Protein chains: 2
Amino acid sequence: MLKYSPQLDSVFHALADPARRAMVDRLVQSPASVSELAKPLSMSLPGVVQHLAVLEAAGLVSSEKVGRVRTCRIEPEALRGAERWISERRTVWERRLDRLGAVLEELEDLEETTDE
Amino acid sequence: MLKYSPQLDSVFHALADPARRAMVDRLVQSPASVSELAKPLSMSLPGVVQHLAVLEAAGLVSSEKVGRVRTCRIEPEALRGAERWISERRTVWERRLDRLGAVLEELEDLEETTDE
DNA sequence: GTGATAGTTAAGTAGATGCTTAAGTATTCG
DNA sequence: CGAATACTTAAGCATCTACTTAACTATCAC
């Protein structure tokens with residue numbers, strides 16, 4: 001199992017939950033407090049805090065407490081890492097398709113010249 | 001919790017495991033049999049089959065059995081869906097940065113004109 | 001047919017996950 | 001000060017996950 005990345009593990013795992021995606025969705029608009037994040041979610045506050053901990057562990061979100069309010073903000077680099085992994089795979093797959101297409105065209109050309 | 005997508009749940013969940021990412025990594029190169037997928041993974045064959053089932057449930061991989069060999073291939077559309085979700089969020093975040101930058105510049109201009 | 005190959009099915013298990021409620025601790029307001 | 005706000009911590013619990021081993025089925029090769 002080469003190039004194992006616990007970083008990707010935790011980012012993809014964090015994004016696999018709808019409540020956590022909703023929180024990310026909210027945070028890309030602007031920073032928010034824990035209760036602001038909780039408001040649209042039908043869940044207890046401690047539940048939200050646990051999701052927040054998962055997002056922070058994945059490096060997707062950072063937060064800072066001032067007074068009694070914890071303000072959360074998104075960390076786009078982690079998001080970018082996941083995006084990069086996917087797009088690299090897509091690139092490999094598309095290159096393969098291109099090579100396949102080229103081979104098929106060559107075969108067609110060969111058939112034409114041998115048939116005529 | 002608006003626009004809940006079980007599709008994204010399952011795709012991100014599938015990608016959160018290193019063995020499954022390794023399988024995707026292999027399959028973007030070319031289709032492969034179950035045992036070919038299993039070879040680089042230090043895991044029993046039934047374990048691999050279970051991971052395969054997760055990938056298929058997420059729509060990331062499809063497979064077909066011919067004779068005694070099951071051939072697996074990647075389904076890039078599901079990958080693209082996950083990539084799209086991430087890139088949409090990144091776009092929102094970047095737009096916000098642009099607006100912020102514009103506002104800051106305006107403030108600077110105002111200060112200059114009022115100071116002088 | 002016999003045996004090897006390729007995969008499948010079933011059952012069990014340790015540990016992680018996604019919640020909950022209850023009971024705290026700070027901070028701010030009047 | 002005393003009450004309201006904004007979290008935080010702890011504990012408990014049902015369910016899900018990622019494996020395992022053992023036993024089975026369906027090809028294919030001779």
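Chain A is the first sequence line, chain B the second, and so forth, proteins listed ahead of strands; every chain is numbered from 1. The model shown is predicted, which means the values in this text are computed figures rather than measured ones.
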Under 3.5 Å, side chain of [X] to main-chain N/O of [Y], donor-acceptor pair present?
X     : Y     : result
B:R95 : A:Q29 : no
A:R20 : A:A16 : no
A:R21 : B:Y4  : no

Measure [atom1]/[X] against [atom2]/[N] and give the value in whole Å, please.
X     : N      : atom1 : atom2 : answer
A:L41 : C:dG18 : CG    : P     : 14 Å
A:K65 : D:dT5  : NZ    : P     : 16 Å
A:L37 : D:dA6  : CG    : P     : 13 Å
B:L52 : C:dA6  : CG    : P     : 16 Å
A:E36 : D:dT5  : CD    : C1'   : 14 Å
B:R70 : D:dA26 : CZ    : C1'   : 12 Å
B:Y4  : C:dG18 : OH    : P     : 12 Å
B:R68 : D:dC24 : CZ    : C1'   : 16 Å

TODO: If a protein heavy atom is under 4.0 Å from the base, mark B; if only from the sugar-phosphate, S; if neither, -; do that for nucleotides 14-23 of chain D going 5' to 3'.
DONE: ---SSBBBB-

- [ ] Run the salt-bridge test on B:R84 and B:E88 with the 4.0 Å N-O cut-off and return the result as yes or no.
- [x] no

TODO: Run the salt-bridge test on B:R80 and B:E83 with the 4.0 Å N-O cut-off and return the result as yes or no.
DONE: no

TODO: Would you please say whether a donor-acceptor pair under 3.5 Å links the side chains of A:S62 and A:E75?
DONE: yes

Open item on the list: Please tell me if A:S33 has a side-chain N or O lying less than 4.0 Å from either OP1 or OP2 of D:dA6.
Closed with: no

